[in-house]
Amino acid sequence: MDYVQIEKKWQEIWEKENRFVAPNNVEGKENKYILIEFPYPSGRGLHMGHCRSYTAIDAYARKKRLEGYNVMFPFGTDAYGLEAERTAIREHKAPQEIVERNIKTFQQQVRSIGMSIDWSRTINTCDPEYYKWTQWQFIQFFKHGLAEKREMTVNYCPNCGVLANEEVEDGTCCQCHAETTQKSKAQWVLKMTQYGERLADDLKDTDFMEHIKTSQINWIGKSEGVEVEFQIVGGGKFSIFTTCIETIYGITFMVVAPEAKLVDELKDRIENWSEVEEYRRATAKKSEFDRSELNKDKTGCILKGIKAINPVNGKEVPVYIGDFVIASYGTGAVMAVPTHDQRDYEFADKYGIEKIQVIEGDVSEKALEKYDYLGKGCKLINSEEFSGLTVEEAKKQITEKLVKLGVAEKKLNFKMRDWIFSRQRYWGEPIPMIHCEHCGWVPVPDDQLPVHLPKVESYEPTKDGESPLSLIEDWVATTCPHCGAPARRETDTMPGWAGSSWYFMRYCDANNSNEFASKEALSQWLPIDLYNGGNEHTTRHLLYARFWNKFLYDIGLSPVNEPFKRRISQGLILGSDGKKMSKSSGNGVDPLEVISNYSADALRLWMSFIGDYFESAVWNDDGVKACHKFLTRVERLQDILVDGDEISKDLEVAIHTAIKKVSQDMDNIKFNTAISALMILLNEINKVGKINHAEYKTLLTLLNPFAPHLTEELWTIQGYAPRICDMKWPTWNEEKLVKDEIEYAIQINNKIITRENFSTTATDKELEELSTTNPKVLESLNGKQIVKVIVIKNRLINIIAK
RNA sequence: GCCGAAGUGGCGAAACGGCAGACGCACACGACUCAAAAUCGUGCGGGAAACCAUGAGGGUUCGAGUCCCUCCUUCGGCACCA
């Protein structure tokens with residue numbers, strides 16, 4: 001059989017029949033929304049990683065369809081991205097052109113692996129009909145006070161402008177190799193931290209894989225603490241955030257972020273200004289990543305002449321700037337207690353600062369940190385009226401005192417930061433805002449959306465770090481929608497994450513031109529039953545999308561508080577060298593080549609059989625070969641096909657076992673063992689030497705989700721009606737699985753003495769009796785006293801003897 | 001550094017706290033064949049055996065690949081790649 005040819009044939013038939021189009025509503029059918037993350041349509045086309053998750057989840061979707069659900073399984077492309085922009089610059093082509101070409105390739109390739117996609121719902125984030133609504137939704141964020149322009153730090157190259165972290169290598173620009181610095185720039189931000197608590201807490205209502213929940217909770221990093229105001233001797237003040245207010249009597253210095261405005265305000269009073277300036281320059285060269293946790297060697301620079309006053313006891317302490325303090329995180333300043341924070345301990349040692357211990361314990365070698373003292377009844381010392389209290393009690397009382405003094409308030413702080421939503425790049429959705437001298441920032445009116453991304457001559461960011469859009473004067477110049485005065489358009493574009501934050505909603509109503517999706521359509525499909533995607537999207541994309549949906553939910557535009565019921569992540573496909581497949585490392589295998597050598601069905605089967613779906617797996621050609629062989633063995637069953645339209649006694653147990661195993665394993669995303677169950681069934685059939693039509697139909701149906709083309713073909717060859725995709729998923733009968741007898745391992749003190757068949761209906765008492773009177777057991781006991789008998793039903797009996 | 005995940009035969013891997021290695025690959029032998037390929041069949045962790053084996057070391061348990069603690073190694077993410 002020519003697999004390549006029959007696969008092409010069936011793909012065309014499915015397409016012509018609109019076989020996988022799912023209407024929003026079908027009488028008598030329950031909806032299931034199964035989603036794979038839409039890909040970025042890179043010029044390299046579909047890779048093995050895509051194939052693994054796409055084909056496995058396609059099998060899942062096909063099974064759900066056979067089970068009688070109305071399944072929506074859509075596909076689209078996330079077109080905005082740096083790669084298209086870089087290719088555009090390199091090839092002197094419009095990114096639109098490049099992306100269009102790539103999308104065609106992607107869709108073609110997705111068809112060629114036999115995906116059961118509803119193509120009537122296809123979307124593409126750079127389509128004006130789509131990004132119109134991305135822009136409209138941004139405006140809703142703005143109208144509800146969740147979008148604002150704020151000074152943020154960015155990577156800056158003197159030649160290429162603002163850079164992504166990815167574009168900075170060891171402090172130099174990856175394109176022109178000039179030295180990069182950190183620069184402050186006004187950026188649109190979405191106030192995601194306002195949703196921090198709900199994003200963490202509402203995970204309890206989802207069925208995400210446990211490690212995904214944990215990752216998100218850690219990323220959000222909610223901490224309860226106190227924000228305290230410190231006065232500066234001679235005037236001025238600043239605030240710090242701490243989760244360890246109980247250590248406040250141990251403060252011996254303070255550290256503020258080098259770029260803090262406070263430092264500029266104090267310039268005249270800082271005695272070592274040139275030294276401070278030098279330190280700030282050095283800091284500007286470091287990325288935030290280098291500055292924060294990666295860097296173990298904490299550095300700082302004292303602000304000579306500046307002292308902060310500890311509000312609890314009036315103690316005056318020195319103030320430093322230190323690059324490990326980040327301006328945009330927390331309040332951009334910290335209190336330092338060397339005895340109870342290891343970082344402060346090392347800093348104090350380095351700069352010869354005193355240490356005051358305030359919690360009992362050993363601090364001679366290293367700090368006694370909160371993990372060491374919390375919840376252990378440790379008591380405060382050297383803390384005036386709070387000495388002698390437990391840390392937990394002191395936390396409460398010290399906070400109360402500071403609040404009463406009017407210098408502190410309880411606060412929640414998040415590790416997660418607000419979402420920087422501006423990009424100074426061409427290839428993204430224009431941010432639909434207009435700046436008017438009189439009215440400030442004004443959104444583009446709805447009837448003028450979308451703000452089309454204009455064609456430009458050059459796609460490179462400008463040297464001053466603005467988007468290339470800023471060079472199109474007649475596009476930028478406009479009038480204020482509010483007062484009609486001359487005004488200017490925002491030239492920043494949105495990040496790639498924008499379009500992907502709500503695409504799952506658009507699928508529900510992809511061709512709606514009046515709204516982003518009707519509430520009715522959304523209600524029919526949301527929440528998504530199964531959302532599959534890469535582990536690399538666990539924290540960002542998945543949080544952005546949840547945040548975006550929560551906002552729409554709050555303003556009444558989304559029917560659900562949580563859009564994804566269940567989230568799973570596939571493991572990576574690695575090259576034969578054990579590294580992630582990529583073009584650069586030359587370990588890539590082209591799926592199309594595999595298809596033409598072995599067939600899409602063989603590839604699909606191998607992608608599911610290769611190993612546990614959630615673990616990474618090493619690609620291996622022999623595996624596809626083996627799966628191809630399995631398919632040809634199934635094909636050859638035609639030779640031993642006999643009459644019979646009921647499952648025969650010969651294969652009853654084998655078939656019901658397979659139905660149960662395949663059904664349950666697929667629901668539990670254990671595709672590899674589902675396939676092994678099919679292999680076991682095939683071996684069993686060959687042992688029996690014949691198969692009747694009822695049995696053959698059952699086998700083909702069970703195999704259909706994994707090998708849809710071959711099973712359609714074999715089904716049609718027999719002239720079975722209706723078509724296999726109209727079949728009902730087989731069910732198993734538990735009674736057919738119950739055997740009369742089962743083999744028990746009989747152990748004495750955990751060592752196997754013998755194996756015996758016992759009735760499956762025997763009670764524990766009977767099994768105990770049967771085993772302890774067994775001749776081999778009696779011989780091995782050799783007069784020892786039986787202490788206890790442990791009976792594990794259908795498995796083993798363990799006799800403990802002395 | 002921080003967060004997350006994973007370490008089981010020659011290889012990909014199975015295994016509700018209960019007989020470790022299902023299923024598959026590779027390999028070996030046999031059948032078919034003049035021969036080879038394909039196909040089919042048998043065997044296949046180590047050890048002569050007692051036994052020893054799930055990255056290393058401890059612990060809980062009648063019983064640990066699985067649960068707890070310490071450590072080692074590898075992979076993914078770390079906010080302007082998406």
Side-chain angles (χ1 to χ4, degrees), chain A residues 37-40 42 78-86 152 154-155 162-168 187 192 209-219 221 288-289 292-296 415-425 428 495-497 499-500 534-541 543-544 569 571-572 574 578-580 606 609-612 614-623 625-627 629-630 632-633 636 670 672-673 675-680 682-683 686 743-752 755 787-801:
Chain A
E37 277 173 354
F38 64 165
Y40 172 74
S42 122
D78 187 15
Y80 286 121
L82 254 189
E83 199 210 72
E85 190 174 293
R86 285 188 194 137
M152 303 301 283
V154 294
N155 301 310
V162 180
L163 301 180
N165 284 348
E166 190 200 46
E167 297 174 297
V168 180
Q187 306 270 39
M192 194 162 158
M209 288 173 77
E210 222 35 59
H211 76 267
I212 294 176
K213 288 190 186 184
T214 311
S215 286
Q216 291 214 343
I217 286 167
N218 289 335
W219 181 271
E288 206 172 272
F289 189 46
S292 57
E293 284 137 305
L294 186 64
N295 180 9
K296 255 204 129 175
K415 228 182 249 163
M416 179 179 75
R417 307 178 210 158
D418 283 329
W419 181 2
I420 302 175
F421 206 70
S422 280
R423 300 290 183 270
Q424 285 72 42
R425 299 198 180 266
W497 307 106
S500 60
N535 277 310
E536 68 273 26
H537 294 135
T538 294
T539 43
R540 284 158 306 151
H541 159 65
L543 274 172
Y544 290 144
S569 291
L572 293 171
L574 309 174
K579 300 228 159 66
K580 192 172 172 174
W606 176 229
F609 187 55
I610 194 167
D612 187 308
F614 305 123
E615 305 294 333
S616 49
V618 176
W619 174 263
N620 171 4
D621 277 323
D622 287 340
K625 217 191 288 177
C627 289
K629 186 171 131 187
F630 171 76
T632 60
R633 292 179 76 204
R636 251 181 283 134
K670 291 185 145 292
N672 53 336
T673 47
I675 289 168
S676 96
L678 288 169
M679 291 172 167
I680 291 169
L682 179 69
N683 291 342
N686 282 321
E743 189 185 82
Y744 277 81
I746 303 177
Q747 301 178 326
I748 295 178
N749 296 333
N750 302 307
K751 283 195 180 145
I752 295 171
R755 295 167 205 279
V787 182
K788 195 167 146 192
V789 179
I790 296 156
V791 176
I792 308 297
K793 205 86 182 163
N794 296 340
R795 287 183 190 273
L796 59 75
I797 297 156
N798 188 10
I799 299 163
I800 312 299

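Quick caveat: nothing in here was measured; it's all calculated off a predicted structure. Lettering follows sequence order; numbering is per chain, from 1.
Comparing A:Glu166 and A:Thr539 by the nucleotide of RNA chain B that holds the closest heavy atom to each, the one mapping nearer the 5' end is A:Thr539. Along RNA chain B, the nucleotide closest to A:Tyr744 and the one closest to A:Ser500 are compared, and the more 5′ of them pairs with A:Tyr744.
Under the salt bridge (charged side-chain N to carboxylate O under 4.0 Å, His left out) criterion, A:Arg540 pairs with no residue, sequence neighbours left out. Applying the salt bridge (charged side-chain N to carboxylate O under 4.0 Å, His left out) rule to A:Lys625 yields the partners A:Asp622; only residues at least two apart in sequence or on another chain are considered. Qualifying side-chain hydrogen bond (donor to acceptor under 3.5 Å, both in side chains) partners for A:Asn749, counting only residues two or more places apart in sequence or in other chains: none. In this structure, A:Thr538 has no side-chain hydrogen bond (donor to acceptor under 3.5 Å, both in side chains) partners at least two apart in sequence or on a different chain. Annotation: side-chain hydrogen bond (donor to acceptor under 3.5 Å, both in side chains) contacts of A:Trp219 (sequence neighbours excluded): none. With sequence neighbours excluded, the residues that form a salt bridge (charged side-chain N to carboxylate O under 4.0 Å, His left out) with A:Asp418 are A:Arg150. Partners of A:Asn686 under the side-chain hydrogen bond (donor to acceptor under 3.5 Å, both in side chains) rule, at least two apart in sequence or in another chain, do not exist in this structure. For A:Ile420, the side chain to side chain contact (heavy atoms under 4.5 Å, CB included) partners two or more places apart in sequence, or in a different chain, are A:Met152, A:Gln187, A:Val189, A:Arg423.
A:Gln187 comes within 4.0 angstrom of a nucleotide base, judged by non-hydrogen atoms across all strands. Residue contacts shown for A:Ser422 include a base, since a base heavy atom lies under 4.0 Å away. At the heavy-atom level, A:Leu82 lies under 4.0 Å from the strands shown only through sugar-phosphate atoms. Nucleic acid contact for A:His541: none, since no nucleic acid atom lies under 4.0 Å from a heavy atom of the residue. The residue A:Trp497 sits close to a base: some heavy atom pair falls under 4.0 Å.
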Please encode protein proximity along nucleotides 46-54 of chain B as a string of B, S and -, counting only heavy-atom distances under 4.0 Å.
---------
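At distances below 3.5 Å, not a single donor-acceptor pair connects side-chain atoms of A:Gln747 with backbone N or O atoms of A:Leu796. Checked by atom type and distance alone, the side chain of A:Tyr744 pairs as donor or acceptor with a backbone atom of A:Asn794 at under 3.5 Å. The backbone N or O of A:Asn750 sits less than 3.5 Å from a side-chain atom of A:Asn798, completing a donor-acceptor pair.
A sub-4.0 Å separation between OP1 or OP2 of B:rC78 and a side-chain N or O of A:Arg540 is present. Close to B:rA15, at under 4.0 Å from its OP1 or OP2, lies a side-chain N or O of A:Lys670.
As a whole-Å value, the separation of A:Leu796 CG from B:rU61 P is 19 Å. At whole-Å resolution of the value, CD in A:Glu536 and P in B:rG77 are 7 Å apart. Between A:Arg417 atom CZ and B:rC2 atom C1' the separation is 13 Å, expressed in whole Å. In this entry the distance linking CD of A:Glu167 with P of B:rC80 reads 12 Å, nearest Å. The distance between atom CD1 of A:Ile800 and atom P of B:rU61, rounded to the nearest whole Å, is 13 Å. Rounded to a whole Å, the CD1 atom of A:Ile790 is 9 Å from the P atom of B:rG63. Straight-line distance from the CZ atom of A:Arg795 to the P atom of B:rA64: 16 Å, rounded to whole Å. If you take CG of A:Asp612 and P of B:rA15, they are 8 Å apart, rounded to a whole angstrom.
Taken together, the paired segments of RNA chain B that extend over three or more consecutive Watson-Crick or G-U pairs, each closer than 3.5 Å at both contacts, are B:1-7 with B:72-78, B:10-12 with B:23-25, B:27-31 with B:39-43, B:55-59 with B:67-71.
To the nearest whole angstrom, the two C1' atoms, one in B:rU66 and one in B:rG59, are 15 Å apart. If you take atom P in B:rC44 and the same atom in B:rC29, they sit 16 Å apart, rounded to whole Å. With both ends at atom P, the span from B:rG4 to B:rG10 equals 33 Å, rounded to whole Å. Using C1' as the reference atom, B:rG9 and B:rA15 are 15 Å apart when rounded to the nearest Å. The P atoms of B:rG47 and B:rA53 are separated by 15 Å, rounded to the nearest whole Å. Comparing the same atom, C1', in B:rG45 and in B:rA14 gives a spacing of 15 Å after rounding to whole Å. Between B:rC32 and B:rU39, the two C1' atoms lie 9 Å apart (nearest whole Å). Spacing of C1' atoms, B:rC81 relative to B:rG65, comes out at 38 Å, to the nearest Å.
Checking B:rC80, B:rG18, B:rC25 against every side-chain atom of A:Asp622, the shortest atom distance belongs to B:rC25. When each of B:rC62, B:rC80, B:rG18 is scored by its nearest atom to the side-chain atoms of A:Arg425, the top-ranked nucleotide is B:rC80. Distances were taken from every side-chain heavy atom of A:Asn155 (C-beta onward) to each of B:rC80, B:rG18, B:rA79; the shortest belongs to B:rC80.
Counting atom types as modelled, A:Gln424 pairs a side-chain N or O with a base atom of B:rC80 as donor and acceptor under 3.5 Å. A:Asn749 contributes no side-chain N or O that forms a donor-acceptor pair with the base of B:rC62 under 3.5 Å.
For the atom pair A:Ser569 OG and A:Glu536 CD, the distance stands at 8.0 Å (nearest 0.5 Å). We find the CG-CG distance between A:Asn683 and A:Leu678 to be 11.0 Å, quoted to the nearest 0.5 Å. The structure places CG of A:Leu682 at 4.5 Å from CZ of A:Arg633, a figure rounded to the nearest 0.5 Å. Of the inter-residue distances, the one linking A:Ser676 atom OG with A:Lys670 atom NZ reads 10.5 Å to the nearest 0.5 angstrom.
When only modelled atom types and interatomic distance are considered, A:Asn672 and A:Asp612 share no side-chain donor-acceptor pair under 3.5 Å.
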Dump every N/O contact between nucleotides 4-6 of chain B and the protein below 3.5 Å, one line per pair.
| residue | atom | partner | partner atom | Å |
| --- | --- | --- | --- | --- |
| B:rG4 | OP1 | A:Asn218 | ND2 | 3.3 |

Could you go through nucleotides 21-24 of chain B and list every protein N or O atom that sits under 3.5 Å from one of its N or O atoms, giving the distance for each pair?
| residue | atom | partner | partner atom | Å |
| --- | --- | --- | --- | --- |
| B:rG24 | OP1 | A:Asn683 | ND2 | 3.0 |

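Using the six-membered ring where Trp is involved, A:Tyr544 and A:Trp419 have ring planes that are parallel, under 30° apart on the 30 and 60° scheme.
Base orientation of B:rG47: anti (glycosidic angle beyond 90° from 0).
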